[in-house]
Amino acid sequence: MELISIIITSYNEGKYLCECLDSVHAQTYENIEVLIVDDKSTDQNTISILKQLEKRGERVIWLDHGGVSKARNVAAKIATGKYLIFLDGDDKLASTYVEKMIDVAQYNKDVRMVYTIARLFDSRSYLVPRARPVYKKLLIYNHYFQVTCLLEKERFIKIGGFNEKMIYGIEDWELFLRYCQPGMKVARVNEDLFYYRKKEHSRTIDVNESIRKTLAMRLEMLHNNFDSYTEFPQVLREYSLDIERKRSLKTTLFKIKTVLEMYFYLYLKRGTVSFFEL
């Protein structure tokens, strides 16, 4: 059995951390390494919980505050598994998540990434709209993958991990631009096995409501992936307009169409695996 490293990031997530960790320890796949990396939490409850978990034998990595990208990168270098799964400290996994991800990876050696249908929970509950992935569209839209998926550690390290300049968000999108490449094969397990906590207030909401932060992250992403964007020059114009399209009717209709497609796979093709060539 291949060793899988699950990296849980924590920053003032003490309220949810044990729930997240319980979902990891409930996995049906047994050969798992768990690393909890704390990005200098300031909440005393979180610090107390982490110290209790450490006394119980959990592996906790304590860092000075450097952002979630740096925290994930540090833990990834320490991890010893062949595959990595990144999990935010307020999210959860279904008990069969790892088993089904690794089954696809092991029996399909040309597949470089495996992901699943995601479901939001907590303040709101619905499926996350994820369209059929196409690399040149990935350059424009963040509609395809979530950070919690099965990645090859060797490739993750080779491309330099997360961009630590992406301090305001969409660091997962920027990672996928470098991790993926045209022609790469990825796979989606057609079950809702990843649960993403939708809170009233979050870092993503903060970024989306700040045009300054949004532009800063988009410009960094463009700068760090300039060769990819120039390979598809027609994409640049669409990319420059994407921020304006966020609340457009076209975008809304696209999300509705994508959610309907997710329900189709979830209820009529549940348990199957879809393979995509980017």
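The figures that follow rest on heavy atoms only: side chains count, while hydrogens, waters and symmetry mates do not. Everything quoted here is computed from the prediction, not taken from an experiment.
Distance NZ/Lys185 to NZ/Lys109: 14.5 Å, rounded to 0.5 Å. The CD1 atom of Ile170 sits 7.5 Å away from atom OG1 of Thr214, with the distance rounded to the nearest 0.5 Å. Note that CD of Gln27 is 7.5 Å distant from OG1 of Thr96, once rounded to the nearest 0.5 Å. Distance check: Arg270 CZ to Leu268 CG gives 11.5 Å after rounding to the nearest 0.5 Å. In this structure, Ile85 CD1 and Leu93 CG are separated by 6.5 Å, a value rounded to the nearest 0.5 Å. Atom CZ of residue Phe86 and atom CD1 of residue Ile6 lie 11.5 Å apart, to the nearest 0.5 angstrom.
Contact between Leu84 and Ala76 at its shortest, heavy atoms only, is CD1-CB, 3.9 Å. Taking each heavy atom of Val128 and Met262 in turn, the nearest pair found is O-CG, 3.9 Å. Of all the heavy atoms in Ala187 and Val104, the pair that sits closest is CB-CG1, 3.7 Å. Looking at every heavy atom in both residues, Val186 comes nearest to Pro133 through CG2-CG, 4.2 Å. Residues Tyr97 and Cys149 approach most closely at OH-CA, 3.3 Å, considering heavy atoms. Counting all heavy atoms, side chain and backbone alike, Asp90 lies closest to Phe121 at O-CZ, 3.9 Å.
Met184 is not listed as a side-chain neighbour of Phe276, based on a closest heavy-atom distance of 4.5 Å or more. Within the 4.5 Å cutoff, no side-chain heavy atoms of Leu260 are placed close to those of Phe264. Counting heavy atoms from C-beta outward, Ile36 and Leu21 have side chains that approach closer than 4.5 Å. A 4.5 Å side-chain heavy-atom check between Asn108 and Phe275 finds at least one atom pair inside the cut-off. In this structure, the side chains of Tyr83 and Val98 stay at 4.5 Å or more apart for every pair of heavy atoms. Contact annotation: the side chain of Arg218 approaches that of Trp173 to within less than 4.5 Å [non-hydrogen atoms, C-beta and beyond]. You'll find the side chain of Ser274 reaches within 4.5 Å of the side chain of Asn190, heavy atoms only. Put simply, the side chain of Gln146 does not reach to within 4.5 Å of the side chain of Tyr196, judged on heavy atoms.
Using a distance-only test at 3.5 Å, with no hydrogens or angles considered, a donor-acceptor pair links the side chain of Asp39 to the main chain of Gly67. With hydrogens and angles ignored, the 3.5 Å screen pairs a side-chain donor or acceptor of Arg155 with a backbone N or O of Tyr179. In this structure, Asp88 contributes its side chain and Asp91 its backbone to no donor-acceptor pair below 3.5 Å. Side chain of Asp38 to backbone of Lys40: a donor-acceptor contact under 3.5 angstrom is found.
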Problem - Steps toward side chain to side chain donor-acceptor pair (under 3.5 Å) verdict (Asp192, Thr116) - result: CA-CA 6 Å; Asp192 49 340; Thr116 183; over 6 Å; no
Problem - Worked check of side-chain contact (heavy atoms from CB on, under 4.5 Å) between Leu151 and Leu175 - result: CA-CA 11 Å; Leu151 301 174; Leu175 172 79; 4.2 Å; yes
Practice task
Test side-chain contact (heavy atoms from CB on, under 4.5 Å) on Lys100 and Tyr29 and set out the steps.
Solution key: CA-CA 9 Å; Lys100 294 189 175 183; Tyr29 188 85; over 6 Å; no
Exercise for the section: Check the pair Glu2 / Asn31 against side chain to side chain donor-acceptor pair (under 3.5 Å), numbers first and verdict last. Expected result: CA-CA 7 Å; Glu2 293 286 0; Asn31 198 19; over 6 Å; no
Practice task
Go through the steps for Gln44 and Ser48 under the test side chain to side chain donor-acceptor pair (under 3.5 Å), then give the verdict.
Solution key: CA-CA 6 Å; Gln44 290 303 311; Ser48 176; over 6 Å; no
Practice task
Begin from the C-alpha positions of Ile78 and Arg59 and carry the test side-chain contact (heavy atoms from CB on, under 4.5 Å) through to its verdict.
Solution key: CA-CA 11 Å; Ile78 295 172; Arg59 194 172 179 185; 3.2 Å; yes
Practice task
Go through the steps to decide whether Glu231 and Lys136 satisfy the test salt bridge (charged side-chain N to carboxylate O under 4.0 Å, His left out), and finish with yes or no.
Solution key: CA-CA 9 Å; Glu231 186 177 347; Lys136 68 178 181 179; over 6 Å; no
Problem - Evaluation steps, salt bridge (charged side-chain N to carboxylate O under 4.0 Å, His left out), between Glu152 and Arg112 - result: CA-CA 7 Å; Glu152 297 175 348; Arg112 310 299 299 274; 2.9 Å; yes
Exercise for the section: Any chance you could lay out the side-chain contact (heavy atoms from CB on, under 4.5 Å) test for Tyr144 and Cys180, step after step, and finish with the verdict? Expected result: CA-CA 12 Å; Tyr144 305 104; Cys180 299; over 6 Å; no
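Looking at Leu139, Leu177, Leu222 one by one, the single match for side-chain contact (heavy atoms from CB on, under 4.5 Å) with Ser228 turns out to be Leu139. Applying the side-chain contact (heavy atoms from CB on, under 4.5 Å) test between Ser10 and each of Val60, Ile61, Leu50 identifies Leu50 as the sole match.
In the hydrophobic clustering of this structure, Met1 groups with Val24; members are Ile, Leu, Val, Met, Phe, Trp, Tyr whose side-chain heavy atoms approach within less than 4.5 Å, directly or through other members. Note on Val68: it does not cluster hydrophobically with Tyr11, by side-chain heavy-atom contacts below 4.5 Å among ILVMFWY residues. A chain of hydrophobic side-chain contacts below 4.5 Å, direct or via other Ile, Leu, Val, Met, Phe, Trp or Tyr residues, connects Leu53 to Trp62. Residues Tyr107 and Met101 are members of separate hydrophobic clusters, defined by side-chain heavy-atom contacts under 4.5 angstrom among Ile, Leu, Val, Met, Phe, Trp and Tyr. Hydrophobic cluster membership is shared by Leu63 and Leu35, with clusters built from Ile, Leu, Val, Met, Phe, Trp and Tyr side chains linked at under 4.5 angstrom.
Cation-pi contact between Arg188 and Tyr265: present, with separation from the ring centre below 6.0 Å and deviation from the ring axis of at most 45°.
Side chains of Glu33 and Ser5: a donor on one and an acceptor on the other come within 3.5 Å. Residues Tyr195 and Ser23 bring no donor and acceptor atom of their side chains to less than 3.5 Å of each other. A donor-acceptor pair shorter than 3.5 Å cannot be found between the side chains of Thr46 and Asn12.
Within a 6.0 Å sphere centred on NE2 of His25, other residues, nucleotides and ligands contribute more than 12 heavy atoms.
Taking a cutoff of 4.0 Å between a charged side-chain nitrogen and a carboxylate oxygen, Asp122 and Lys198 do not qualify as a salt bridge. A salt bridge links Lys92 with Glu19: at least one charged nitrogen is closer than 4.0 Å to a carboxylate oxygen.
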Atom pairs and distances, side-chain donor-acceptor, residues 156-165, under 3.5 Å, sequence neighbours left out:
residue: Asn163; atom: OD1; partner: Lys165; partner atom: N; Å: 2.9
residue: Asn163; atom: ND2; partner: Glu220; partner atom: OE2; Å: 2.9
residue: Glu164; atom: OE2; partner: Asn73; partner atom: ND2; Å: 3.0

